[in-house]
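Heads up: the structure comes next, in structure tokens.
Below, all heavy atoms of this structure are taken into account, side chains as well, without hydrogens, waters or symmetry copies.
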Amino acid sequence: MTVVIGFEGSANKIGVGIIRDGEVLSNPRRTYITPPGQGFMPSDTARHHRAVILTVLKEALEQAGLKPADIDCVAYTKGPGMGAPLVTVALVARTVAQLWGKPLLGVNHCIGHIEMGRLITKANNPTVLYVSGGNTQVIAYSERRYRIFGETIDIAVGNCLDRFARVIKISNDPSPGYNIEQMAKKGSQYVELPYTVKGMDVSFSGILSYIEEAAHKMLSSDQCTAEDLCFSLQETVFSMLVEITERAMAHCGSQEVLIVGGVGCNLRLQEMMGVMCKERGAKLFATDERFCIDNGAMIAQAGWEMFKSGQVTELEDSWITQR
């Protein structure tokens with residue numbers, strides 16, 4: 001049996017997860033939450049991670065009922081992500097691997113999300129919509145590689161939602177996206193927003209600029225409520241994502257869709273994607289916030305796959321990359 005421990009800390013979540021042959025033994029995490037109207041800065045986020053990472057590591061081992069000797073491999077997020085938080089986690093992973101005398105594995109964060117989604121949902125060969133605060137991509141597996149069929153040409157969908165939350169001072173606890181989702185349920189009036197799909201790609205920066213400007217005018221003149229704007233933004237950006245996912249499915253001849261990444265928790269996105277899948281006679285796979293949102297187990301799972309195929313990362317190659 002192969003046991004892999006995974007360290008994740010590419011953004012504002014710090015997580016340590018342990019996987020044993022497809023079974024999640026433990027997956028604790030902490031989130032760095034900033035006041036309403038603020039985002040998270042790399043240096044502050046790294047400081048938060050440094051303060052809690054050893055506590056989270058201890059929790060992971062205790063919950064799994066394992067000792068360092070039981071671990072076969074140490075996996076960590078090599079990138080993409082924010083520089084300072086990534087360095088913090090890589091440093092701890094490197095140290096732990098040397099202290100315990102275990103092989104080290106640098107994992108691609110995006111592949112971590114996909115492999116975790118495949119493990120939990122048992123999807124076979126899906127077209128993947130990967131949507132989070134830092135990434136928006138439509139991905140499918142072809143000729144021994146994950147290929148990007150479409151992506152955002154500017155900001156990620158989660159970043160668009162988070163920055164809108166800042167404009168109207170929505171709380172960042174537990175996350176701005178979750179709070180927008182709850183407010184959107186109370187919205188009834190659809191405000192027309194720019195809809196920007198360019199072939200297989202999408203663009204969110206224009207929508208964000210438009211709604212940032214419109215929000216102040218419309219809210220101050222009572223033309224609509226904050227809930228209406230949340231509803232309208234969700235409907236528009238999710239429609240764009242469903243459109244490019246369907247186009248990728250048609251191109252690949254796929255009958256499965258897997259939604260991964262933090263925005264993938266959104267039940268309205270899952271509902272809209274479900275309608276499209278039903279019309280095509282396809283199956284939708286999605287996970288909940290335990291595995292959608294950045295977590296250590298997803299890095300452990302991708303690391304497990306890599307380790308089983310004979311890969312290891314030498315110490316001199318254990319750098320990080322923001323790209």
Side-chain angles (χ1 to χ4, degrees), residues 113 117 120-121 123 126-139 150-152 155-168 170-197 202-204 206-208 210-212 214-215 218 224-249 256-280 282-294:
H113 273 294
I120 298 300
T121 64
T127 298
V128 180
L129 176 66
Y130 170 32
V131 277
S132 67
N135 302 276
T136 298
Q137 298 175 326
V138 178
I139 300 167
E151 61 186 332
T152 175
I155 61 172
V157 64
N159 189 237
C160 178
L161 294 168
D162 291 352
R163 283 163 68 177
F164 174 65
R166 273 181 241 167
V167 171
I168 57 172
I170 294 176
S171 168
N172 291 323
D173 189 11
S175 73
Y178 175 80
N179 293 328
I180 284 179
E181 182 184 358
Q182 304 319 309
M183 286 176 72
K185 290 174 184 172
K186 301 179 188 131
S188 54
Q189 179 191 341
Y190 178 75
V191 178
E192 201 163 319
L193 301 170
Y195 183 97
T196 321
V197 172
V202 286
S203 167
F204 298 111
I207 301 167
L208 180 63
Y210 182 92
I211 200 168
E212 279 177 343
M218 296 182 85
C224 69
T225 64
E227 286 79 5
D228 292 334
L229 289 174
C230 291
F231 165 72
S232 305
L233 183 60
Q234 269 198 176
E235 294 299 302
T236 306
V237 298
F238 292 169
S239 297
M240 290 160 54
L241 295 172
V242 171
E243 181 184 331
I244 63 166
T245 305
E246 183 169 20
R247 198 168 284 139
M249 287 176 76
E256 294 181 337
V257 174
L258 171 64
I259 307 177
V260 299
V263 181
C265 301
N266 190 298
L267 295 177
R268 179 58 184 148
L269 173 59
Q270 292 183 20
E271 183 186 5
M272 290 168 76
M273 196 67 77
V275 171
M276 181 273 285
C277 287
K278 196 175 174 190
E279 287 172 358
R280 292 184 66 85
K283 282 176 89 173
L284 172 65
F285 298 93
T287 63
D288 59 28
E289 72 284 345
R290 289 172 303 164
F291 304 115
C292 256
I293 296 169
D294 292 351

(request) Find out whether Ile207 and Phe164 are in side-chain contact, i.e. whether some heavy atom of one side chain is under 4.5 Å from a heavy atom of the other. (result) no
(message) Holding to ring pair (Phe, Tyr, Trp, His ring centres under 6.0 Å), I want the full list of residues that pass it with Tyr130, two or more places apart in sequence or in another chain.
(response) His113
(message) If I take atom SG from residue Cys230 and atom CD1 from residue Ile211, how far apart are they, to the nearest 0.5 angstrom?
(response) 7.5 Å
(request) Tell me, please, which residues at least two apart from Thr236 pass side-chain hydrogen bond (donor to acceptor under 3.5 Å, both in side chains). (result) Tyr190
(request) May I ask you to decide if Leu267's main-chain N or O and Glu181's side chain share a donor-acceptor pair within less than 3.5 Å? (result) yes
(message) Quick test of your reading: applying salt bridge (charged side-chain N to carboxylate O under 4.0 Å, His left out), list the pairs with at least one residue in residues 283-294, sequence neighbours left out, ordered by first then second residue.
(response) Asp288-Arg290
(request) With Thr152 as reference, evaluate Val202, Asn135, Thr196 under the side-chain contact (heavy atoms from CB on, under 4.5 Å) test and give the passing residue. (result) Val202
(request) List in chain and number order the residues that pass side-chain contact (heavy atoms from CB on, under 4.5 Å) with Cys292, two or more places apart in sequence or in another chain; answer none if no residue qualifies. (result) Cys265, Thr287
(request) List in chain and number order the residues that pass side-chain contact (heavy atoms from CB on, under 4.5 Å) with Ala282, two or more places apart in sequence or in another chain; answer none if no residue qualifies. (result) Met249, Gln255, Cys277, Arg280
(message) Atom CZ of residue position Phe285 - does it have more than 12 heavy atoms of other residues, nucleotides or ligands inside 6.0 Å?
(response) yes
(request) Report the residues that fulfil salt bridge (charged side-chain N to carboxylate O under 4.0 Å, His left out) with Glu243, sequence neighbours left out, ordered by chain and then residue number. (result) Arg247
(request) Any pair with a residue in residues 269-279 that passes side-chain hydrogen bond (donor to acceptor under 3.5 Å, both in side chains), sequence neighbours left out, goes on the list, sorted by first then second residue, please. (result) Arg268-Glu271
(message) Can you list everything that forms a side-chain contact (heavy atoms from CB on, under 4.5 Å) with Ala248? Sequence neighbours excluded, please.
(response) Thr127, Val138, Phe149, Met200
(request) Please say which of Thr245, Leu241, Asn266 ends up in a side-chain contact (heavy atoms from CB on, under 4.5 Å) with Val131. (result) Leu241
(request) Hey, could you give me the CG/CD1 distance between Leu208 and Ile155, rounded to the nearest 0.5 Å? (result) 5.0 Å
(message) Would the distance check show the side chain of Asp228 and the main-chain N or O of Gly187 forming a donor-acceptor pair, the cut-off being under 3.5 Å?
(response) no
(request) Only counting residues at least two apart or in another chain, list the ones meeting side-chain contact (heavy atoms from CB on, under 4.5 Å) with Asn179. (result) Ile170, Ser171, Pro174
(request) Assess whether side-chain contact (heavy atoms from CB on, under 4.5 Å) is satisfied between Lys186 and Met183, documenting all intermediate values. (result) CA-CA 6 Å; Lys186 301 179 188 131; Met183 286 176 72; 5.6 Å; no
(request) Not counting sequence neighbours, which residues clear side-chain hydrogen bond (donor to acceptor under 3.5 Å, both in side chains) with Ser203? List them please. (result) Asp154
(message) Can you tell me how far apart CD1 (Ile168) and CD1 (Ile180) are? Round to the nearest 0.5 Å.
(response) 6.5 Å
(message) Once rounded to the nearest 0.5 Å, what's the spacing between atom CG of Leu269 and atom CD of Gln234?
(response) 8.5 Å
(message) Are Phe204 and Asn159 packed together at the side-chain level, in the sense that at least one heavy-atom pair is separated by less than 4.5 angstrom?
(response) no
(request) Could you tell me the separation between the CG atom of Leu233 and the CG atom of Leu161, rounded to the nearest 0.5 Å? (result) 5.5 Å
(message) Which residues pass the salt bridge (charged side-chain N to carboxylate O under 4.0 Å, His left out) test with Arg163, not counting sequence neighbours?
(response) none
